[in-house]
Structures are given as structure tokens and as C-alpha cells.
Amino acid sequence: RNSIIQVGSNVFFLSDNGVYGASFQDLYNLRGNNSPLSEPIDKTISEINRDLWDKSTAVYFDNKYYIAVPLNKYNEDGELVLATGNNAILIFNFINKQWESIDTIDDPRFDIQNLIISGNGDSRAVFLVNSFGGVHKVESRLDGVDRIALVDETKSIDVSGTMVTRQYNVDSLDRKKWNSYEMFVESSPERSSNFSISAETENID
């Protein structure tokens with residue numbers, strides 16, 4: 001129930017089949033969408049711990065839908081590690097109509113009890129609260145370091161990002177040839193940008 005958010009005449013929520021949207025056709029009729037909003041990230045949705053996903057919580061802020069969920073993960077040995085609480089935030093951007101990020105903290109002790117919107121003027125933002133009483137401002141740091149409050153310490157963790165694009169066939173199964181690509185990367189005074197790129201092809205014969 002804490003995943004239910006109203007945005008204008010639309011209502012968004014986490015259901016058994018993913019994040020769905022519904023809209024008011026008139027004053028009395030609420031109609032659900034034919035396909036889930038989370039259809040492009042079905043693989044991620046399938047990794048939510050079903051025993052705990054009633055603890056999911058969401059907010060809407062600055063044209064984005066933030067939903068904290070208990071996401072199961074695989075460790076370095078490839079073993080499935082079940083989530084014990086909300087440990088990831090999925091972010092949907094209403095401007096480009098895409099899921100733009102899956103944000104996690106690289107510490108198994110960290111959890112997300114609630115998401116709240118607070119502050120005035122430029123300081124208004126999304127905050128998360130963990131079970132240790134830590135209050136964290138989301139998307140506030142420019143130095144590429146997460147500072148998190150745990151039960152007995154405040155910890156700094158370098159943020160590493162990964163982006164995976166979907167497969168492209170450009171409406172044709174013919175051979176494709178890429179001549180160039182461009183990346184626009186924003187650095188900060190504290191950190192320079194550094195990244196690597198890889199590509200995977202299928203049926204390379």
C-alpha cells in the first residue's frame with residue numbers, strides 16, 4: 001500500500017505483476033493500463049523478494065517515481081542472496097518515460113524503511129530513513145561517494161555505476177555496422193570521470 005502514488009489523474013502502484021498505472025477516465029471511472037509500467041524491467045521486478053515486497057515504499061518528486069524494494073542479489077560466487085529488507089530504489093523518469101536507474105548501497109547492513117519528501121525551496125528533496133535511524137538525502141552528493149549511517153558507524157562508499165542497454169535490431173535483421181559513438185559525461189570538481197565500454201553480439205557468423 002505504501003507504493004501507491006498519485007500523479008495528476010494517474011495512480012501508480014506495485015502489484016503482483018509489477019508496477020502498474022491507472023488513470024481516471026472521468027470523476028468515477030478508474031481504468032488500469034493494459035501493460036505494466038515496469039514491463040521494460042521485468043527481469044529486475046522478478047528479483048524482488050516476494051515475502052517482503054509488501055514493505056515496499058514509494059514517493060513522487062521532481063518528475064520521478066522512486067520506489068524502494070527488497071531486491072534479491074547474486075554474490076561473487078553466483079549464489080542467490082535473499083533480501084532482508086528494502087535495499088534498492090527503482091527510479092522512473094516521467095519526462096523521458098523510462099526507468100533510469102536502480103540505486104543500491106554496497107553494504108548488506110543498509111536498508112530503506114521509508115522514503116519521504118522534506119525541505120523548503122532548493123533544499124526540498126527525497127530522503128530515506130533506515131532501520132538504524134539514519135536519515136539520508138537522496139541524489140545530493142557530487143563527489144561520487146555515498147556516506148551512510150549504520151548502527152555503530154558512519155561509512156563512506158565509492159559509487160560505481162553500470163549501464164546495460166537493450167538489444168537493438170533497428171527493425172531489420174540485416175547486418176549492422178557501427179561507425180562511431182559519442183558519450184556525454186559530467187564530472188565534478190571532486191571526481192573526474194572514468195569508464196569502460198563493452199559490446200556483445202549474437203550470431204556473429
For this session: Sequence neighbours left out, what passes side-chain hydrogen bond (donor to acceptor under 3.5 Å, both in side chains) with Lys155? Give chain and number order.
Result: Asp107
Exercise. Quick one: side-chain hydrogen bond (donor to acceptor under 3.5 Å, both in side chains) partners of Asp158, sequence neighbours excluded?
Worked result: Arg191
Seminar exercise, completed: Separation between CD1 (Ile105) and CG (Asn87), nearest 0.5 Å, reads 10.5 Å
For this session: Test ring-ring contact (aromatic ring centres under 6.0 Å, His included) on Phe13 and Tyr65 and set out the steps.
Result: CA-CA 10 Å; Phe13 56 93; Tyr65 176 70; 9.7 Å; no
Pairs under 3.5 angstrom only: tabulate donor-acceptor contacts from the side chains of residues 115-123 to other protein residues two or more places apart or in another chain.
from, atom 1, to, atom 2, distance (Å)
Ser123, OG, Asn120, N, 3.2
Ser123, OG, Asn120, O, 2.6

Exercise. Partners of Asp106 by side-chain contact (heavy atoms from CB on, under 4.5 Å), sequence neighbours excluded?
Worked result: Ile157
Exercise. Do any N or O atoms from the side chain of Asn2 and from the backbone of Thr57 form a donor-acceptor pair under 3.5 angstrom?
Worked result: no
Problem set entry | Test item: Ile48 and Pro70 side chains (from C-beta on) under 4.5 Å apart, heavy atoms | yes
Exercise. Between Tyr66 and Tyr60, is the ring centre distance below 6.0 Å?
Worked result: no
Exercise. So, does Asn93 use its side chain to make a donor-acceptor pair with the main chain of Glu100 at under 3.5 Å?
Worked result: no
Exercise. Under 4.5 Å between side-chain heavy atoms, hopping through other hydrophobics if needed: is there a path connecting Ile67 to Phe94?
Worked result: yes
Exercise. Where do Lys64 and Val138 land on the side-chain contact (heavy atoms from CB on, under 4.5 Å) test, with the steps shown first?
Worked result: CA-CA 12 Å; Lys64 295 179 182 178; Val138 178; over 6 Å; no
For this session: Starting from the C-alpha separation in whole Å, work towards a yes-or-no answer on salt bridge (Lys or Arg N to Asp or Glu O under 4.0 Å) for Lys73 and Glu79.
Result: CA-CA 8 Å; Lys73 299 179 180 179; Glu79 300 170 334; over 6 Å; no
Problem set entry | Contact check, side chains of Tyr74 and Val81, non-hydrogen atoms, under 4.5 Å | no
For this session: Find out if a path of hydrophobic residues (ILVMFWY) with successive side-chain heavy-atom gaps under 4.5 Å connects Leu71 to Leu80.
Result: no
For this session: Indicate if Trp99 and Ile102 have the same hydrophobic cluster label, given that clusters are the connected sets of ILVMFWY residues with side-chain heavy-atom separations under 4.5 angstrom.
Result: yes
Problem set entry | Cluster overlap Val59 with Leu128, hydrophobic side-chain contacts below 4.5 Å | yes
Exercise. Under 3.5 Å, side chain of Gln6 to main-chain N/O of Gly8, donor-acceptor pair present?
Worked result: yes
For this session: Would you indicate whether the side-chain heavy atoms of Val69 and Lys55 approach each other to under 4.5 Å?
Result: no
Exercise. Ser38 side chain to Ile41 main-chain N or O, any donor-acceptor pair under 3.5 Å?
Worked result: no
Exercise. Got Leu90 and Phe92 here, is their nearest side-chain heavy-atom distance under 4.5 Å?
Worked result: no
Exercise. Honestly curious: do Phe110 and Val126 fall in one hydrophobic cluster under the side-chain, below-4.5 Å linking rule?
Worked result: yes
Exercise. Which value, rounded to the nearest 0.5 Å, describes the distance between Tyr20 atom OH and Ile4 atom CD1?
Worked result: 15.5 Å
Exercise. Of the non-hydrogen atoms in Asp16 and Arg50, which two are nearest, and what is the gap between them?
Worked result: O-NH1, 3.4 Å
For this session: Count the heavy atoms belonging to other residues, nucleotides or ligands that lie under 6.0 Å from CZ of Arg1, then report whether that count exceeds 12.
Result: no
For this session: Tell me yes or no: between the side chains of Asn17 and Ser15, is some donor less than 3.5 Å from an acceptor?
Result: no
Exercise. Between Phe127 and Phe61, does the ring centroid distance fall short of 6.0 Å?
Worked result: no
Problem set entry | Sequence-distant partners of Lys43, salt bridge (charged side-chain N to carboxylate O under 4.0 Å, His left out), two or more places apart | Glu47
Seminar exercise, completed: What one should report as the nearest heavy-atom pair of Phe195 and Met183 is CE1-SD, 3.4 Å
Exercise. How would you list all residue pairs meeting side-chain hydrogen bond (donor to acceptor under 3.5 Å, both in side chains) that involve residues 125-137, not counting sequence neighbours?
Worked result: Asp111-Ser131
Exercise. Under 3.5 Å, is there a donor-acceptor pair between the side chain of Asn49 and the main chain of Leu82?
Worked result: no
For this session: Would you indicate whether the side-chain heavy atoms of Trp53 and Leu14 approach each other to under 4.5 Å?
Result: yes
For this session: Show your reasoning for whether side-chain contact (heavy atoms from CB on, under 4.5 Å) applies to Gln113 and Asn86.
Result: CA-CA 7 Å; Gln113 291 285 305; Asn86 293 333; over 6 Å; no
Exercise. Are Ile89 and Ile112 close enough that some pair of their side-chain heavy atoms sits under 4.5 Å apart?
Worked result: yes
